[in-house]
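All remarks here apply to the structure that follows.
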Amino acid sequence: MLMLLALVFTLTLSAKPKIRIIATGGTIAGVSASATSSAYGAGQVGIQTLIDAVPQIKELADVSGEQLVNIGSQDMNDAVWLKLAKRINQLLSGDYDGVLVTHGTDTMEETAYFLSLTVHSDKPVILVGSMRPSTAISADGPANLYNGVAALVDPSSKGHGVMACMNNQLIDAKSLIKTHTTDCATFKGTYGEMGYVYNGKPYYIFEPTYKHTTRSIFNVDNLEKLPKVGIIYGYANCSTLPIEAFFKADFDGIVLAGVGDGNFYKDVFDVAVQMQESGTQIVRASRVPTGPTCLNGEVDDSKYHFVAALNLNPQKARVLLQLALTKTRDWQQIQKYFQEY
Ligand code: ASP
């Protein structure tokens, strides 16, 4: 009996955290014909090859993987998001201690934000990718993968919501933004990085105060599709053709990536007013990379029933509007969601 207890005790002590890696493709799984070329194809290497390339992660955790899709993240879509969120909820409600998602960098910020609103666990979820393909000299994927797993297994990572681990930094989903087309240091946090990983250990500087994961009311576990929301880009002498096309195609919502504080060319503005009146929710965001789009600033949102995106960029405002429209069509309630999330 004593020996059995001792065995159980030793096994418990030596049990490593159980981490699942879900691979979706991207440059981290990319292959180039030559180690020096910057021409490559994303999403070609499978999950097992990625895991085998970084044997050190097995010292940190009991790691296993699965391939959800193998795509460049320019091809990310609602169907994959739904599948991914459902799968992570399933894994984290079981005995997994954390999930690492390998992902292309192009739309990583949107997937991270979507997951931060639809995964309902305080166990950590971290996205990693790379800017250089796996075959490049000085590929950045293996270090990002190692740091991601190192952060996942550390107890201090619980409750921070969904984050990305890129170039030694831990950035929260709402703040995460790709700022450079090709540089390895492309990801920044609009409000700074939440933490960093150094010598295989995460260090956190702050915690997000917005609602996410366990405090989020958005649940996609029983959804098969999401509302249709498009983005209109603003510029001088802006054409009304794209917004009219969305109008005809009966979209549920539109995000205006406006100029300045979410302003829009007068002709486009007129169509936006008509759309809002006929039941399509308009959200004003900005093409300017930093700073909020203010409620009732230069535009009288209360008069037109528009919603101001506040601190969300257009692509993340689109994500929140899609989820908000699964709950309500009331513009004031939707504005409240933009304040809370
Ligand atoms: N186009 C690639 C992707 O997003 C770029 C990358 O992963 O860095 O999948």
Side-chain angles (χ1 to χ4, degrees), residues 21-51 53-54 65-85 87-88 99-116 125-149 151 162-171 173-190 193 197 231 233 257 289 313-316 318-319:
I21 302 185
I22 304 182
T24 69
T27 298
I28 193 167
V31 171
S32 165
S34 118
T36 52
S37 161
S38 50
Y40 69 95
Q44 299 189 14
V45 166
I47 176 64
Q48 203 50 49
T49 312
L50 288 182
I51 293 178
V54 196
E66 65 190 66
Q67 190 82 45
L68 191 85
V69 283
N70 208 352
I71 56 175
S73 74
Q74 57 272 33
D75 292 329
M76 189 47 68
N77 59 34
D78 296 356
V80 178
W81 277 349
L82 290 173
K83 221 165 141 184
L84 185 58
R87 182 66 183 135
I88 297 176
V99 171
L100 189 87
V101 179
T102 61
H103 197 288
T105 60
D106 289 355
T107 58
M108 185 184 279
E109 58 189 273
E110 288 143 271
T111 300
Y113 188 56
F114 179 77
L115 294 177
S116 82
V125 175
I126 294 183
L127 282 82
V128 299
S130 76
M131 291 299 285
R132 297 187 183 130
S134 63
T135 45
I137 295 176
S138 195
D140 51 332
N144 290 339
L145 193 81
Y146 180 79
N147 284 340
V149 174
V162 175
M163 350 170 207
C165 183
M166 294 289 292
N167 205 33
N168 291 8
Q169 296 191 335
L170 289 158
I171 304 173
K174 184 165 179 174
S175 201
L176 184 70
I177 177 170
K178 187 174 185 179
T179 62
H180 195 285
T181 50
T182 50
D183 195 350
C184 285
T186 182
F187 282 101
K188 305 275 180 249
T190 321
E193 72 268 24
V197 182
I231 300 177
Y233 199 84
N313 66 19
Q315 54 273 31
K316 285 185 202 163
R318 175 179 174 272
V319 169

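As the structure lists them, so they are numbered: ligands from 1, and atoms in each ligand from 1. Please read these numbers as outputs of a predicted model, since none were measured by experiment.
- Of the candidates Leu100, Val162, Thr102, Leu176, Val162 is the only one forming a side chain to side chain contact (heavy atoms under 4.5 Å, CB included) with Leu127.
- Remark: ligand 1 atoms within the under-4.0 Å shell around heavy atoms of Gly72 are 9 (O).
- Under the 4.0 Å criterion applied to side-chain N and carboxylate O atoms, Arg87 and Glu66 are assigned as salt-bridge partners.
- The nearest heavy-atom contact from the protein to atom 5 (C) of ligand 1 is Thr27 OG1, 3.1 Å.
- Note on residues 173-190: pairs passing salt bridge (Lys or Arg N to Asp or Glu O under 4.0 Å), not counting sequence neighbours, are Asp106-Lys178.
- Applying the salt bridge (Lys or Arg N to Asp or Glu O under 4.0 Å) test to pairs two or more places apart or on separate chains, none has a residue in residues 27-51.
- With 3.5 Å as the limit, one finds a donor-acceptor pair spanning the side chains of His103 and Thr111.
- Set against the non-hydrogen atoms of Ser130, the atoms of ligand 1 under 4.0 Å away are 6 (C), 7 (O), 8 (O).
- Within ligand 1, counting atoms from 1 as listed, the ones closer than 4.0 Å to a heavy atom of Gly26 are 7 (O), 9 (O).
- At least one N or O atom of Ser73, backbone or side chain, sits closer than 3.5 Å to an N or O atom of ligand 1.
- Here's the thing with Asp106: one of its N/O atoms is less than 3.5 angstrom from an N/O atom of ligand 1.
- Counted by atom type alone, Ser34 and Ser32 present zero donor-acceptor pairs between their side chains at under 3.5 Å.
- Numbered from 1 in the order shown, with element, the atoms of ligand 1 that lie under 4.0 Å from a heavy atom of Gln74 read 1 (N), 2 (C), 3 (C), 4 (O), 9 (O).
- The closest protein non-hydrogen atom to atom 8 (O) of ligand 1 is Thr105 OG1, 2.5 Å.
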